[in-house]
Amino acid sequence: MRAVIVWAGLAGLTSATAPNRQYTLVESYNHTNFFDKFNFFESNYSTGNYNDVDPTSGYINYRNRDDAMKLGLIATQGSEMFLGVNHRDILDPKGKGRDSVRIESKQLYNYGLFIAEFTHLPKVTCGVWPAFWTFGDPWPVKGEMDIYENWNLAKDNAMTLHTGDSKEVGNCTICQENMVNPVVTTNCDVTFQDEHQSPNQACQTLEQGGQWGSQSGGVYAMEWTSGFVRLWSWSREETPADVKCRQPKPQLWGKPLFWAGGSSCDMDSHLRDQKLVLNIDFCGVAAGNPTLWGQQCRNATGYENCADYVAKHPDDFADAFWKVRAIDIYQAASNCTHSLAALRSSRLRRA
């Protein structure tokens with residue numbers, strides 16, 4: 001998983017010099033339609049291929065919509081949507097994993113300003129791997145943008161852009177001067193590695209002092225254009241007035257937390273046909289990585305591995321849940337006609 005932003009500029013422009021765009025609300029995921037707008041990834045344990053259970057190898061049992069509703073993993077509560085995990089049952093660490101949900105938008109997106117308001121974010125806990133992200137299929141050819149993601153006892157949200165092999169098209173890199181977040185790694189190509197960067201680490205920044213694990217939630221914005229992708233976040237109390245009024249003006253938001261783009265980055269080749277994804281995983285290639293588990297959670301839990309701990313301590317995950325107020329999607333004037341036509345076409349195909 002790799003976590004909404006809108007692109008509003010031309011290739012090669014920095015965030016400071018990008019032209020102002022007027023954004024129009026074209027779609028809203030809210031209490032009237034939220035779960036209808038997503039497909040539920042369901043773990044399939046019958047094939048012998050663990051990718052059919054979880055592409056990121058978690059100790060997890062993702063449930064379909066009907067099962068998730070019956071088990072209390074999802075609910076619409078007034079104007080908010082709840083997405084949680086099984087925090088009641090003690091499990092067999094060698095058996096099926098802990099119940100959770102992974103939802104992927106039915107609609108595919110190219111460009112836009114995506115603004116998501118959460119009223120609760122999953123509690124930071126050993127074994128838990130929450131993510132709000134986008135990806136295109138096939139991965140990594142069509143890219144992935146992690147808006148909100150980290151695991152175990154991490155202190156900060158990690159924002160990461162994953163792109164495919166850049167030998168055929170321009171490489172995407174990031175640099176500190178374009179963003180507020182401290183840069184961890186600079187090369188977005190998942191195949192790149194050197195003494196500072198591991199394969200699949202991609203280009204990453206850390207949102208220090210942000211909304212990570214906040215029980216009060218937070219607001220995340222992703223702006224994605226043909227030239228760049230950039231991200232911001234705010235506490236719900238500090239969200240700009242133009243965002244609250246649904247008349248967003250990214251040019252007023254200051255330097256972004258994350259910015260990738262520029263003349264050397266062929267964003268149209270690296271990021272396209274994106275699904276919006278929201279999930280809570282357990283363990284897997286991140287939270288359950290033996291080295292990371294040893295560094296972050298072995299002493300804190302007294303367990304040598306992630307699955308044993310997650311199976312035996314359901315009560316520790318009672319606060320591992322999302323509450324969502326809305327995910328709003330805006331388009332710049334030049335993109336509105338195309339976007340609305342695409343939405344109408346998609347709805348006709350599903351009818």
Side-chain angles (χ1 to χ4, degrees), residues 2-21 23 109-116 132-136 140 143-150 156-164 166 169-190 192 196-197 201-212 218-234 239-240 242-243 248-272 274 330 332 335:
R2 326 296 175 212
V4 174
I5 290 182
V6 178
W7 162 242
L10 303 174
L13 294 178
T14 68
S15 57
T17 60
N20 295 342
R21 294 291 180 107
Y23 283 105
Y109 296 96
N110 288 283
Y111 308 161
L113 178 59
F114 306 78
I115 300 180
F132 174 47
W133 52 299
T134 77
F135 82 99
E144 173 186 331
M145 184 69 238
D146 301 328
I147 301 162
Y148 182 96
E149 181 193 33
N150 219 322
D156 305 303
N157 174 39
M159 295 175 167
T160 311
L161 173 63
H162 299 253
T163 67
S166 59
V169 294
N171 190 32
C172 297
T173 60
I174 61 175
C175 62
Q176 188 65 68
E177 65 180 350
N178 290 328
M179 66 197 82
V180 173
N181 282 359
V183 171
V184 178
T185 49
T186 60
N187 196 312
C188 307
D189 187 337
V190 298
F192 177 81
H196 306 294
Q197 186 166 336
Q201 193 169 7
C203 56
Q204 183 179 94
T205 73
L206 290 179
E207 181 195 1
Q208 296 182 337
Q211 322 316 316
W212 176 244
V219 175
Y220 281 81
M222 179 177 80
E223 186 178 23
W224 168 25
T225 70
S226 63
F228 63 80
V229 60
R230 51 183 182 167
L231 298 168
W232 293 263
S233 84
W234 309 276
T239 301
D242 59 289
V243 174
K249 298 178 174 61
Q251 67 270 21
L252 302 179
W253 299 345
K255 186 177 287 190
L257 301 179
F258 181 97
W259 188 96
S263 58
S264 65
C265 175
D266 186 349
M267 192 63 72
D268 283 347
S269 295
H270 285 306
L271 197 67
R272 61 190 191 276
Q274 296 287 289
Y330 299 81
N335 292 329

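Atom CG of D266 and atom CG of L271 lie 11.0 Å apart (nearest 0.5 Å). The distance from atom OG1 of T163 to atom CG of N171, rounded to the nearest 0.5 Å, is 6.0 Å. A distance of 8.0 Å separates CG of N181 from CG of N157, quoted to the nearest 0.5 Å. Going from atom CH2 of W232 over to atom NZ of K255 covers 12.5 Å, rounded to the nearest 0.5 Å. The line from NE2 of H270 to CE of M145 is 14.0 Å long, rounded to the nearest 0.5 Å. In this structure, the separation between CG on L257 and CD1 on I147 is 12.0 Å, given to the nearest 0.5 Å.
A pairwise comparison of heavy atoms in Q201 and H162 identifies O-CE1, 4.3 Å as the closest pair. Contact record, V183 with C175: CG2-C, 4.2 Å, taken as the closest heavy-atom pair. The shortest heavy-atom contact between A332 and R21 is CB-NH1, 3.9 Å. Counting all heavy atoms, side chain and backbone alike, W259 lies closest to I174 at O-CG2, 3.3 Å. Of all heavy-atom pairs spanning C188 and A202, the tightest one is O-CB, 3.6 Å.
When each of N178, V180, L206, L161 is paired with F258, the side-chain contact (heavy atoms from CB on, under 4.5 Å) condition holds for L161 and for no other.
By the side-chain hydrogen bond (donor to acceptor under 3.5 Å, both in side chains) test, D189 is found to be paired with S166, T191, residues two or more places apart in sequence or in another chain being considered.
Using a 3.5 Å distance cut-off with no hydrogens or angles, the side chains of S233 and E207 do pair a donor with an acceptor.
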* Candidate pair T185 and F192, rule side chain to side chain contact (heavy atoms under 4.5 Å, CB included), full reasoning -> CA-CA 11 Å; T185 49; F192 177 81; over 6 Å; no
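Contact check for Y220 versus Q211: side-chain heavy atoms found under the 4.5 Å cut-off. Taking the side chain as every heavy atom from C-beta outward, P182 and Q208 approach each other to under 4.5 Å. Counting heavy atoms from C-beta on, the side chains of L252 and P240 never come closer than 4.5 Å. The closest side-chain heavy-atom distance from D156 to W212 is not below 4.5 Å. Using a 4.5 Å cut-off on side-chain heavy atoms (C-beta onward), T186 and H196 make no contact. Contact annotation: the side chain of T134 never approaches that of Y109 to less than 4.5 Å [non-hydrogen atoms, C-beta and beyond].
When the SG-SG distance for C172 and C203 is compared with the 2.5 Å cut-off, it comes out at or above that value.
The main-chain N or O of F135 is found under 3.5 Å from a side-chain atom of Q274 such that the two form a donor-acceptor pair.
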